[in-house]
Structures are given as C-alpha cells and as structure tokens.
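All values below come from the heavy atoms of this structure, side chains included, with hydrogens, waters and symmetry mates left out.
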Amino acid sequence: MSVIYVLLAISICVALVFFIAFIRSVKAGQYDDSYTPSVRMLFEDELVSTEGTVTTKKSEKINQIQDTNQ
C-alpha cells in the first residue's frame, strides 16, 4: 500500500514539473504563431453569397467602403 503513495507523490511531482514548464514556455512566447499572418494573404478568401451573387469577403468590404464614401 505504501508503494501506491510513493508512486502518487512522484506522479504529482512530475505533473507539476510539466505544468511549470508549459506555463514558462507560454510566457516566453514559444507558442506564438509568427508564420501564419505572413502567408494569410496568399490564401483565397471564403466566398460569401449576397443577393444572389457570390463575392469574396474582401470585395464585399471594398464595396461597403465605396458605398459609404459616395
């Protein structure tokens, strides 16, 4: 029975070490995504259907800006 207590204590210590390492890596910016924003403009925009026509989100935004400027 005492072996279970020892293994439980060891497993909690190992879990705490991994948790602390994870928190430190998040604070250090290890998981920040610096690649995706630079290539996002290369991908196609999702299509949006409005009033029977199919346009992209970018062209829809441009149309909205042009409508407000007129």
Hydrophobic cluster identity match, Y31 and F19, side-chain contacts under 4.5 Å
yes
* To do: State yes or no: do Y5 and I10 share one hydrophobic cluster built from I, L, V, M, F, W and Y residues joined by side-chain heavy-atom distances below 4.5 Å, directly or via other members?
  => no
Q.
Do V17 and I20 sit in one hydrophobic cluster, given that two such residues count as connected whenever their side-chain heavy atoms are within less than 4.5 Å of each other, even indirectly?
A. no
message: Count I, L, V, M, F, W, Y as connected when their side-chain heavy atoms are under 4.5 Å apart, and connections chain through other members. Are V6 and V14 then in the same cluster?
response: yes
